[in-house]
Amino acid sequence: MDFHSLHVKWQARWNEAHIFEPHVSKGDKFYLTAAFPYPNSPQHIGHARTYTTTDIYARYMRMNGKNVLFPMAFHVTGTPILAMAKRIQAGDPELFGIFDKIYGIPPETTRTLTEPKSLVLFFSKEIEAGMKEMGYSIDWRRKFYTFDAIFNKFIQWQFHKLHEAGLIAKGSHPVPWCPADQQPVGGHDTQGDLDPQLEEVTAVLFQAGEGFIPTITYRPETLPGVTNLWVNPNAKYVLVQMKEAAEEEKMGKKEANAGKKEKKAGKKEAPAAQKPKRIYLTREAFETLSHQFEMAKIKDVPASELLALRASHPADGRAIPILPASFVDPAVGTGLVMSVPAHAPFDWLALRDLHKLDETKPIQVLDTPGFGPCPAGELCQKMGVKNQDDPKAQEATKLLYKTEAHSGRMKSAPYAGLNGIEAKERIKADLVRAGQALSVHILANAPVHCRCGALCVVKQVKNQWFIDYGNEAWKAKTREALAAMRIRPAGLRQDYEYTVGWLQRKACTRASGLGTQFPFDETQMIEALSDSTIYMAFYTIAPIVKKMAADGGIEKIDDQFFDFVLLGKEPADKKKKTPDWDEARREFLYWYPLDSRHSAHDLVHNHLTFMIFIHTAVFAQAQEGADGKKRPASSFWPRQAVSNGFVTMEGKKMSKSMGNILPLRKAIAQYGTDVVRFVVTSSAELEADSDFNQAAAEGVISRLNVLENYLKKTINEKTKAPSRSRISRWFYSRFHSRVRDARAQYDEFQLRPLAKALLYDTVNDLQWYSRRSARLDLREFFEYWALLANPFMPHVAEEFWEMLGEKKAYAAACPMAVSAGFPSADTKQIDPSLEMGEQYLQSVIEDVRHILSLIKNEKPASISLIVHSSWKKKARALVAAHKNIKAVMDAAKKDPELSKRAQAVAQLAGKLIKNIGSITGEALDAQEEMDVLTDAREFLSSEFLGAKIEVLREEDAPPALAAKASNALPGKPSIFVSP
RNA sequence: GCAGGGGUAGCAAAGCCCGGUCAAAUGCGCAAGGCUUAGGACCUUGUGUCUUAGGACUUCGUGGGUUCAAAUCCCACCCUCUGCACCA
């Protein structure tokens, strides 16, 4: 079978039959979507996992008789595509290299993609072609791009709804920022694709000279222990005037939260006590922080001038000296540092280096078991840290911080008794409230450089718009929706719950990017995670809207249209309605709610949770509509969210820098569609990362070849299969258990165990079967198997299905597997005793082998297998029930057959009880064991190179073997080998 | 720091919820044999240690505990991965 061309043949037939283009009908619908792709590069096998998982589910549901809709579109919103186009325009050699080497896109083609639109078109075509080659059962009639004018209308409608609900807010917001490009930076904008990490820290204000000295610290709880401040004697300082922070603004008519407790967002707002101040900074810090605070330079201040000042402690006003220290980096924080020698190794070391430890006595703040009054000093001495430039100082700092955070106790009021972590939060809050500290944002992983080369800073963006996910009433609704949803993998539910609780305001606009203009501020674009929350609703009406726009112009599609179609609100002017409106409403009502939403698990914490949020908000306004039918808002909420892990390549994470990205279409060309589908989805549990490797792919191919060979033999068989042998019945018993389990496995996305059963275990069984029997009876197996594997490997399944010709064993004539029903197991064929018998036979073979290897005899003349006397099974049952020798003997007395050989029973029971763990299950009785062994005599003989096989009962054993025979146990015949 | 996941034989990975049938599925790798002109593919067997009769012993991150019995339950500790937002 040619795995490389199979998909062409079958995809043509499916398309001819329009199988994946469903229509509104009376039947049960099933509507599922997967997160649409972002076309800024071709897709690789990693992308294929989510889509294949979705497609398997779609095909499975189709086989269950559902009218299945699986649409697809392209997400082009945001800045990465712009950034990519810009890099191409600039001729970025790294990018050209990646496209050329990894994806095989020649530079002359790349060079043409300088326009965002042409870039989007190029890659979306590529991605669409890949999805088609993968055989995804997608209804392509519904395709759109998120920059399409009709989609923009839809998203603007969505924001009008959120606004009406009072869920849009405006304010200021810190973002990672490139001062050169004058725009926010994300991971795709930085050198080395470094994701800038925002972190909030506290800057404590010490009054000194003409203003305040702000010192940034991770440990505000050590404030009482401050003995001095540090200034870098070689840095250049300035005095600046800070201005009032801009006020926050709240949008919307309804205050869902009104009257309740104070806003959580409080930490972002400037506290009343924080009056405009003058502060000292290094020049570098002034430069950096001016993006975050409005301030103006008053004058330069030499370090020497600062060193001559004394500061006053914010808590008790005591005078604090200002000393020089080399470890203070002028570019980090404010360029000024507070010194807590008792708890900060750097501070203690710097004081020691200055020989000032005597006059500047460390002040203990936290009491920690194992440490005395000056933990930092004690630790430095213990670790032998030489001075403030010794790398070990960093190590000591980390260690001490960790220890004191948990087991340190604050010594003095009002924080006495708290540990480091608790005290830190309290003191920080108290200081900020009292205006004695500033809340400052820094980049935790600084330095981060923009692609343009500039050093990134934190900018406080004004006029930023938010979706207010912090709204408690909304959260409650969302929790309700979440509780009603099926979440797979189930363990992720608490992640969703955590996310719902943790989400606050989410910036929903940006100054640049593709997508939809923000309706309340034309200078802003809606960002990518905010325009992809409810688009599943748009798919249902996309073809109609497209047609309407083509016929009557885009203006016809307005808020009233969406209000009617999605919410059932009649327009004020009834004449506005056209038949298209009603058709759209019908489509929407038929397909919604969304039955299943699929993505990779990185979207759980944002997109998938947003989806639930926005659904509850927008459909809260759902109305009855003209037909008068009641439709509660909850009937539009999504029913299920499924997320899967990523794909690694040969055990390693795929990355551009490692060059180990396998483009999807290349993988298809190399291994064939169904092989890729299979490996990508089934080499790990849903929640884990799966691995794509050549060995696995080739393993799948070779097993498919094995199956195909058996299939060819099967269809060439002229004569009818005789009545089924024991081993045939064993094979079908095993197989039908697998068929029986398959349904639940598909339902639960247990694709790995399912795949293992379907291909690996089944092929192993097949091989055992063919070893045990010259004549195979496989027609029924293949008819089932083709349908069972159909969701996974639809092209191979079709090919097998076709090869089988007229179906006999299972299915009513169905021209293609794609529209066949999902098979049900013939449970009558499942017989545990057959499987036990075969297991018994296998263990006998194993034992004989073991013996032969021990006695170093490969070719014995004869092997006697002696089956236990039937009373032994009775005794075994008693042991299993009582697990105690005395109780067993008591029970044995009541049984005439056992009581007359009490001694033998006691001996046997003693033996069995030693291995009590191994006798919990059922066992074959003596006759069944005889049957199995007798049936397999010929087979056993051939396994042991022609040895004569003798099967006996214990009581029939000749005197010479009597001693040996008495060792026979249920499940374990006595074995005697004659050389 | 907060939240979540994980540590099982050479590697990957199941088992853990519901303790015994667990020296622990399965795949890869490795070794031997078969087939073959040869290689590949395929098939068989083996792959913790010891063992000339199917046995014994030691193993599932570390240390304790519960139990007749622990990879599985409880406690503590160590290590590790992921996410923490305006980024798709």
Side-chain angles (χ1 to χ4, degrees), chain A residues 35 37-38 40 75-81 173-176 184-189 195-199 218 401-402 405-406 420-421 424-425 461 464-467 469 491-492 494-495 497-499 501-510 513 527-530 532 601-607 645-646 648 651 683-685 687-689 691 693-696 698-699 702 705-706 709 752-753 756-757 760-761 764 767 770-771 839 843-844 846-857 880 883-884 913 915-923 943 964 967 971-977:
Chain A
Y38 192 81
N40 68 343
H75 197 204
V76 299
T77 307
T79 52
I81 285 172
H173 189 59
V175 294
V185 284
H188 53 86
D189 300 312
D195 220 3
Q197 304 275 327
L198 274 182
E199 190 174 21
Y218 286 100
Y401 184 12
K402 202 177 166 185
H406 291 279
I421 297 174
K424 176 181 167 177
E425 291 307 318
V461 176
Q464 176 64 57
W465 296 82
F466 302 93
I467 296 176
Y469 292 112
L492 246 40
Q494 51 184 330
D495 281 52
E497 283 164 358
Y498 179 81
T499 307
W502 166 83
L503 279 171
Q504 293 297 328
R505 302 188 314 176
K506 151 93 183 132
C508 62
T509 61
R510 288 191 71 155
E527 66 72 57
L529 285 170
S530 302
S532 58
H601 58 28
D602 56 334
L603 299 188
V604 169
H605 301 280
N606 43 59
H607 162 74
F646 300 123
T648 57
S683 60
E685 312 271 320
E687 60 268 39
D689 289 353
D691 186 51
N693 58 78
Q694 193 169 342
E698 284 172 358
S702 86
N705 283 329
V706 169
N709 287 336
R752 186 187 141 94
K756 177 172 172 281
Y760 294 87
D761 296 342
N764 286 349
Q767 262 146 7
S770 85
R771 204 167 130 199
Q839 210 171 5
S843 84
V844 170
E846 211 171 287
D847 281 352
V848 172
R849 268 210 187 99
H850 192 180
I851 292 166
L852 292 179
S853 88
L854 283 176
I855 63 174
K856 301 206 165 69
N857 181 342
K883 300 190 168 145
N884 168 321
I913 238 150
N915 261 329
I916 183 74
S918 67
I919 58 162
T920 44
E922 286 286 297
E943 286 289 298
K964 196 88 203 161
N967 288 332
K972 210 163 173 60
S974 173
I975 297 165
F976 181 75
V977 177

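Rounded to the nearest Å, the gap between the C1' atom of U62(B) and that of A71(B) is 15 Å. Atom C1' of G65(B) sits at a distance of 34 Å from the matching atom of G10(B), rounded to the whole Å. Nucleotides G64(B) and C11(B) are separated by 25 Å at their P atoms, to the nearest Å. Of the P atoms belonging to U58(B) and G4(B), the separation is 39 Å, rounded to the nearest Å. With both ends at atom C1', the span from C17(B) to C74(B) equals 15 Å, rounded to whole Å. The separation of U80(B) from A88(B), taken at their C1' atoms, amounts to 28 Å, rounded to a whole angstrom. Distance check on atom P: U66(B) versus G7(B) gives 26 Å, rounded to whole Å. Across the P atoms, G34(B) and G39(B) are found 11 Å apart, a figure rounded to whole Å.
Rounded to an integer number of Å, the gap from L603(A) CG to G83(B) C1' is 12 Å. Distance, N705(A) CG to A41(B) C1': 10 Å, rounded to whole Å. With rounding to whole Å, Q694(A) atom CD is found 17 Å from A12(B) atom C1'. Between the CD atom of E685(A) and the P atom of A13(B) there is a distance of 11 Å, given to the nearest Å. Rounded to an integer number of Å, the gap from CD of E199(A) to C1' of C2(B) is 13 Å. In this structure, the NE2 atom of H75(A) is 8 Å from the P atom of A88(B), given to the nearest Å. Between the CZ atom of R510(A) and the P atom of A85(B) there is a distance of 15 Å, rounded to whole Å. The interatomic distance linking D602(A) (CG) with C81(B) (P) rounds to 19 Å, in whole Å.
Considering only heavy atoms from C-beta on, R752(A) stays 4.5 Å or farther from S683(A) through its side chain. E943(A) is listed as a side-chain neighbour of R771(A), based on a closest heavy-atom distance under 4.5 Å. Put simply, the side chain of T77(A) does not reach to within 4.5 Å of the side chain of E527(A), judged on heavy atoms.
Residue-environment remark: CD (E199(A)) exceeds the threshold of 12 foreign heavy atoms within 6.0 Å.
Heavy-atom minimum distance, C508(A) versus I467(A): CB-CG1, 3.7 Å. Across every non-hydrogen atom of Y218(A) and Y401(A), the tightest pair is O-OH, 3.6 Å. Among all heavy-atom pairs drawn from V844(A) and I975(A), the shortest one is O-CD1, 4.3 Å.
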Legend entry - B/S/- contact track for nucleotides 50-60 of chain B, protein heavy atom under 4.0 Å: -BSBBB-----

Inset, instruction - Would you give a per-nucleotide map of nucleotides 24-35 of chain B, 5' to 3', where B means the base has a protein non-hydrogen atom under 4.0 Å away, S means only the sugar-phosphate does, and - means neither? - result: -BSSS-------

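Remark: Q839(A) is not in phosphate contact with U21(B), judged by side-chain N or O atoms under 4.0 Å from OP1 or OP2. OP1 or OP2 of C43(B) sits under 4.0 Å from a side-chain N or O of Q767(A). Dashed line: the shortest gap from a side-chain N or O of S683(A) to OP1 or OP2 of A12(B) is not under 4.0 Å.
No donor-acceptor distance shorter than 3.5 angstrom exists from the side chain of Q494(A) to the backbone of E497(A), with no hydrogens or angles considered. The main-chain N or O of A507(A) is never found under 3.5 Å from a side-chain atom of H173(A) such that the two would form a donor-acceptor pair.
A distance of 6.0 Å or more separates the ring centres of H605(A) and Y498(A).
Under the Watson-Crick and G-U wobble criteria, each requiring two contacts below 3.5 Å, nucleotide C60(B) is left unpaired. In this structure, C42(B) and G34(B) make a Watson-Crick or G-U wobble pair, each of the two defining distances being under 3.5 angstrom. Across the strands present, C84(B) finds its partner in G1(B); the criterion is a Watson-Crick or G-U wobble pair with both atom distances under 3.5 angstrom. Pairing for C17(B) is absent, with no Watson-Crick or G-U wobble pair whose two atom distances lie under 3.5 Å. The nucleotide A69(B) finds no pairing partner, because no Watson-Crick or G-U wobble arrangement with both distances shorter than 3.5 Å includes it. When both pairing distances are held under 3.5 Å, G29(B) makes a Watson-Crick or G-U pair with U47(B).
When heavy atoms are screened at a 4.0 angstrom cut-off, D495(A) is found touching the sugar-phosphate backbone but no base atom. The residue L503(A) sits close to a base: some heavy atom pair falls under 4.0 Å. Within the nucleic acid shown, L529(A) comes within 4.0 Å of at least one base atom, counting heavy atoms only. Residue P753(A) is out of contact with every strand shown, counting any heavy-atom pair closer than 4.0 Å. Heavy atoms of Q494(A) sit under 4.0 angstrom from primed sugar atoms or phosphate atoms, though from no base atom. Counting non-hydrogen atoms under 4.0 angstrom, S532(A) reaches nothing in the nucleic acid.
The OG atom of S532(A) lies 4.5 Å from the NE2 atom of H75(A); values are rounded to the nearest 0.5 Å.
When distances run from any side-chain atom of Q197(A) to the nucleotides A85(B), C87(B), U44(B), the shortest one goes to A85(B).
Between R849(A) and S702(A), the residue anchored closer to the 5' end of RNA chain B is S702(A), taking for each the nucleotide with the nearest heavy atom. Projected onto RNA chain B by closest heavy-atom contact, A684(A) and G186(A) fall at different nucleotides, the more 5' of which corresponds to A684(A).
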Inset, instruction - Under the side-chain contact (heavy atoms from CB on, under 4.5 Å) rule, what do V706(A) and Q767(A) come out as? Steps first, then yes or no, please. - result: CA-CA 9 Å; V706(A) 169; Q767(A) 262 146 7; 3.9 Å; yes

